[in-house]
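Worksheet for the structure shown next.
Every chain is numbered from 1, with letters handed out A, B, ... down the list of sequences.
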Amino acid sequence: MKPNFEPFNDIPGTTIFTIEKAREGFHLNQFCMSLRTEENRKRFLADGPAYLAEWPMTDEQKQAVIDRDFQKMLDLGGNVYFLSKIFASEGMSYVQAVSTMTDMSAEEYQAMMVAGGRNIEGWRSKKERGEA
Amino acid sequence: MAKIVAGITTSHVPAVGHAVDAGKEKEPYWAPMFEGYEFSKQWVKDNPADVDIIVYNDHASYFGMEIMPTFAMGIADNYAICDEGYGRRPIPDVEGAPELSTHIAASLITDDFDMTILNVLEVDHGLTVPMSLMYGTPEKWPTKVIPLPVNVVMNPQPSGERCLSLGKAIKRAVESFDGDVKVRIWGTGGMSHQIQGARAGLINLPWDIQFMDDLINQPEVLQYKPHLEYMIEAGSEGVELIMWLIMRGALGDKVNEVYRFNHVPASNTSVGHLILTPKED
Ligand SMILES: [Fe+2]
């Protein structure tokens with residue numbers, strides 16, 4: 001069966017981690033995996049650019065890590081479970097880190113969650129939203 | 001004959017594990033969620049089993065991108081706990097069930113399910129948070145565990161049909177094991193949640209409740225729900241719910257609904273939890 005990733009592009013504000021994206025993000029995600037030890041977390045936090053220089057990632061991927069630009073990292077093949085190792089190393093929660101990818105502050109995002117989360121109405125399709 | 005005596009599904013939110021580890025269960029934010037599991041904690045005590053088969057996914061905790069098995073099964077004696085970036089959770093290692101898991105893995109492969117075999121595995125919140133919810137904070141876990149990791153992180157994930165069929169094959173495998181062993185099967189993950197992108201925070205409780213109803217009453221229809229619908233309606237991470245279909249397949253045609261619980265939110269997630277038992281006819 002021919003794989004069809006095309007429909008994922010119509011989901012607003014969402015990056016689906018496909019096998020193709022996984023290939024693009026391989027080294028970025030492997031760098032993230034290295035942060036599962038305290039020793040590596042300390043080295044990374046002490047000197048991010050030096051730590052990143054050890055990994056065959058693109059300059060754009062490295063810059064996105066230094067900027068803690070999680071949306072950019074997703075665009076460049078990162079997956080959020082891998083990227084969580086970056087924010088975990090800084091003691092940040094999922095809620096705090098995830099909110100940075102939205103147009104809300106961490107407080108506003110948390111308040112939205114406590115009030116029942118983001119309502120799906122208007123968030124099903126880019127075409128519906130006039131974004132595509 | 002070994003027998004599947006119950007099915008349990010629950011979300012496996014990492015923050016729930018941190019809340020248990022920090023003793024925050026009674027705090028106002030967490031209390032309503034943990035209270036929803038009080039019934040279940042008692043029920044698993046009153047209805048004990050020997051082995052729990054726990055269907056879950058690894059979240060880039062043990063598996064990197066070098067190897068990404070679609071379906072895998074642990075057959076080890078013991079499973080250590082992953083450091084997911086915050087340090088290892090202060091919980092006991094998980095004891096395996098080597099004899100039964102070896103039998104099930106062999107049976108599944110013979111039955112055309114190409115399982116990846118794990119003689120070494122460290123388990124993450126996908127497996128340990130459900131155990132904390134059901135068993136609290138014991139010094140030693142009360143059951144032996146067979147971990148069954150599924151790839152739900154990288155698309156394409158296995159189809160719903162394949163997941164339901166795998167569950168049915170697990171039932172056959174368990175029932176062909178000589179020995180009087182009581183087994184529960186757990187489907188973990190979900191319900192609606194999205195933890196990435198501008199649409200992060202998506203929750204769709206009506207969809208979650210319908211999913212539970214369909215899982216109980218018409219899994220043969222539910223199995224054909226396309227992944228695209230999970231992603232749109234339940235969020236990019238909501239596709240974890242295909243793992244509940246594996247649990248359901250292992251319970252047989254008809255089930256009793258022993259318990260149901262929903263709560264929004266835990267962290268970014270709509271929490272859902274079921275206890276089902278096979279209905280003998
Ligand atoms: Fe998960």
Interchain contact, [X] with chain B, by part (heavy-atom threshold 4.5 Å):
X: A/M73; value: neither
X: A/L35; value: backbone
X: A/P7; value: both

Give a yes or no on whether the backbone of [Y] and the side-chain of [X] come within a donor-acceptor separation of less than 3.5 Å.
X: B/R199; Y: A/W123; result: yes
X: A/R36; Y: B/S61; result: yes
X: B/Y29; Y: A/V114; result: no
X: A/K85; Y: B/A60; result: yes

- Scan side-chain atoms only and decide if A/Y109 and B/N268 contain a donor-acceptor pair under the 3.5 Å cut-off.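 The criterion, which ignores hydrogens and geometry beyond distance, is satisfied for B/N268 and A/Y109.
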- Would B/Q196 and A/T14 count as having a side-chain donor-acceptor pair, cut-off 3.5 Å?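 No donor-acceptor contact under 3.5 Å links the two side chains.
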- Item | Heavy atoms from other residues, nucleotides or ligands near CD of A/E60 exceed 12 (cutoff 6.0 Å) |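 Atom CD in A/E60 is not packed in, count stays at 12 or less.
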- Message: Within the supplied structure, the quantity of interest is the number of heavy atoms (other residues, nucleotides, ligands) at a distance under 6.0 Å from A/E39 CD; does it exceed 12?
- Response: no
Could you tell me if the side chain of [Y] sits less than 4.5 Å from the side chain of [X], heavy atoms only?
X: A/I19; Y: B/M68; result: no
X: B/I203; Y: A/N119; result: no
X: B/Q194; Y: A/R118; result: no

Measuring heavy-atom distances to chain A, does [X] have an atom under 4.5 Å in its side chain, in its backbone, in both, or in neither?
X: B/Q157; answer: neither
X: B/H193; answer: side chain
X: B/A15; answer: neither
X: B/S270; answer: neither

- Message: Quick test of your reading of the model: are A/R41 and B/D83 salt-bridged, counting only N-O distances below 4.0 Å?
- Response: yes
